[in-house]
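Throughout, residue positions are numbered sequentially from 1 according to the sequence presented.
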Amino acid sequence: MAESQPSAPPSLYAAREPVFPKKVYGNFRNLKWVIMIVTLGIYYLTPWIRWDRGPELPDQAVLVDLAHRRFFFFWIEIWPHEFYFVAGLLVMAGLGLFLFTSALGRVWCGYACPQTVWTDLFILVERWIEGDRNARLRLHRQKKLDARKARLRLTKWAVWLLIAVATGGAWVFYFTDAPTLLVDLFTLQAHPVAYTTIAILTGTTFFFGGFAREQICIYACPWPRIQAAMMDEDTLTVGYREWRGEPRKHSEAVKAGEPQGDCIDCMACVNVCPVGIDIRDGQQLECITCALCIDACDDIMAKIGKPRGLIDYMALTDEQRERQGQPPKPIIKHILRPRTILYTSLWSLVGVALVFALFIRSDIDMTVAPVRNPTFVTLSDGSVRNTYEVRLRNKHGETRPFRLSVKGDETVRLQLEGTPYSTVNVDANAQKLQRVYLVAPAGSEPANAERTDVRLWVEDVTNGDRAYKDTIFNGKANQ
């Protein structure tokens, strides 16, 4: 008798089944439309907002000037040495994400994440061209590629490609004057970097929004795997009231005579889900808390005469209370709790600190770097000279005269390289590297001491604004 061959182990890989969400109406769907229009409008239109920046810079309200390592946002100008403003904004963004997640779960993912916004837009185009869920399913399952399927596919991909090109094009407009770059792009005069950037962003947008979709949220994005650290039993998130909906209409329990729950197993919540999950199975990593299942379920409940809220925003503490017949906590008690108050306080402190730093900063600035090779020079008359590289920054939109001076020891005098005067002109919105000499006469205390503390001052002659930096004067005792 022949021995039976061992069966092959089951495969751990399952081919992806595309998700075709059904069109749904409701408050949360309307909210998503509003957020999509606002966010896309901001992204596409912001580079075209004009702002007078003088003759040397593009008249653009929001501009990332990589050539001079500066960032412009309407009346705010961030210079390279002020990167702490960018770092502070990133900290605020992180704390804001923690705050919203602890209060409302993955609400960022469901409403404002770029992947969600562009996927919503691509699905809208797909639905407009190919039809709603059932029509798209039939087209997907159709094996034969006939003229109609080819026409629909090519039309959809062409519109997707236009959106993707506009997405990549809008991004490069943030880095230079948008009208000028637009002309250069169409006349093939733009820098190759611009074309390369547009090509890369076009490809990623086309693939992520059109084909990958929920796969980016499930497999590529790290946030689903760390969001649990931001949530607790009082976090409001989308959930299914199992104690009210079960047993379902076609379940074995109902067939055995048990009273039927409110869920009629219509699958409306599953059919509208953009990630293709069944919220009735409980909380899942894939859920982006978009709440479209709430709109779909509420619509069904209204049609069959049942109370709305079978699927709703709720917290684990509410589930326990409702199972015992008690009313849920007020929403404000879920939102205002120690965790969210801590995040809000930290977020506010960082914001206030950035605003304060923004308003107290001067329109002129300087950095001082002593030249170390050599540390000092002894001149023919016995005096000691130290050399410094001073970088002067003029943040005004016009050229300004800057006067330099030294304080600390009255015997130390200041000289500027290239001019007999103590004043130099610094161009508008620019910085100037000026070599400065400090000289101590022979026999003076700074000349003989190892080191002397001095302070270099710069003054805007036009309006009297001043700034200073402390540095060291090295004498002969340093030998």
**Report entry** Side-chain donor/acceptor of Tyr195 to backbone N/O of Leu185, under 3.5 Å
**Finding:** yes
Query raised in the report: If only atom types and distance count, is the side chain of Asn30 paired as donor or acceptor with the main-chain N or O of Gly26 below 3.5 Å?
Result: yes
Report summary line: Distance col, row Cys221:SG vs Gln115:CD, nearest 0.5 angstrom, shows 9.0 Å
Query raised in the report: How would you list all residue pairs meeting salt bridge (Lys or Arg N to Asp or Glu O under 4.0 Å) that involve residues 161-185, not counting sequence neighbours?
Result: Arg50-Asp177
Query raised in the report: Quick one: are Val384 and Val439 in side-chain contact, heavy atoms under 4.5 Å?
Result: no
**Report entry** Distance (rounded to the nearest 0.5 Å) between Ser102 OG and Phe100 CZ
**Finding:** 9.5 Å
Report summary line: Closest non-hydrogen contact found for Arg455 with Asp470 is NE-OD1, 2.7 Å
Query raised in the report: Do you know which two heavy atoms are closest between Pro274 and Ile288, and how far apart they sit?
Result: CG-CD1, 4.1 Å
Report task. Assess the side chains of Thr167 and Tyr44: does a donor N or O sit below 3.5 Å from an acceptor N or O? Result -> yes
Query raised in the report: Between Asp234 and Thr317, is any side-chain donor less than 3.5 angstrom from a side-chain acceptor?
Result: yes
**Report entry** Rounded distance (nearest 0.5 Å) linking atom NZ of Lys476 with atom CZ of Phe376
**Finding:** 8.0 Å
Report task. Mind checking the OG1-NZ spacing from Thr367 to Lys469? Nearest 0.5 Å is all I need. Result -> 7.5 Å
Tabulate below the donor-acceptor pairs under 3.5 Å that side-chain atoms of residues 411-428 make, not counting sequence neighbours, or state none.
unit_1, atom_1, unit_2, atom_2, d
Thr411, OG1, Asp409, OD1, 2.4
Glu417, OE2, Tyr437, OH, 2.8
Thr419, OG1, Tyr421, N, 3.2

Query raised in the report: If you look only at pairs with a residue in residues 444-470, which of them pass as a ring-ring contact (aromatic ring centres under 6.0 Å, His included), with sequence neighbours excluded?
Result: Trp457-Tyr468
Report summary line: Residue pairs passing the salt bridge (Lys or Arg N to Asp or Glu O under 4.0 Å) test with at least one member in residues 381-395, sequence neighbours excluded, are Glu82-Lys395, Asp365-Arg393, Glu389-Arg435
Query - Stepwise side chain to side chain donor-acceptor pair (under 3.5 Å) test for Arg337 and Thr235 - result: CA-CA 10 Å; Arg337 60 187 198 276; Thr235 299; 3.1 Å; yes
Query - ring-ring contact (aromatic ring centres under 6.0 Å, His included) assessment of Trp171 paired with Phe175 - result: CA-CA 8 Å; Trp171 177 255; Phe175 296 87; 5.6 Å; yes
Report task. Could you give me the CA-CA distance, side-chain angles and deciding distance for Asp295 and Arg29, then say whether salt bridge (charged side-chain N to carboxylate O under 4.0 Å, His left out) is met? Result -> CA-CA 7 Å; Asp295 285 338; Arg29 177 64 268 183; over 6 Å; no
Query raised in the report: Cation over ring, Arg106 on Trp108, under 6.0 Å and within 45°?
Result: no
Query raised in the report: Residues two or more places apart in sequence or in another chain: which of them pass ring pair (Phe, Tyr, Trp, His ring centres under 6.0 Å) with Phe122?
Result: Trp160
Report task. Look at the rings of Trp118 and Tyr43 and say which category their plane angle falls in: under 30° parallel, 30 to 60° tilted, over 60° perpendicular. Result -> perpendicular
Report task. May I have all residue pairs that pass salt bridge (Lys or Arg N to Asp or Glu O under 4.0 Å) and include part of residues 154-169, sequence neighbours excluded? Result -> Glu126-Lys156, Glu130-Lys156
Query raised in the report: Would you call the rings of Trp75 and Trp51 parallel, tilted or perpendicular, where under 30° means parallel and over 60° means perpendicular?
Result: tilted
Requested in this report: Return yes if some donor-acceptor pair links the side-chain N/O of Gln189 with the main-chain N/O of Thr187 below 3.5 Å, else return no.
Outcome: yes
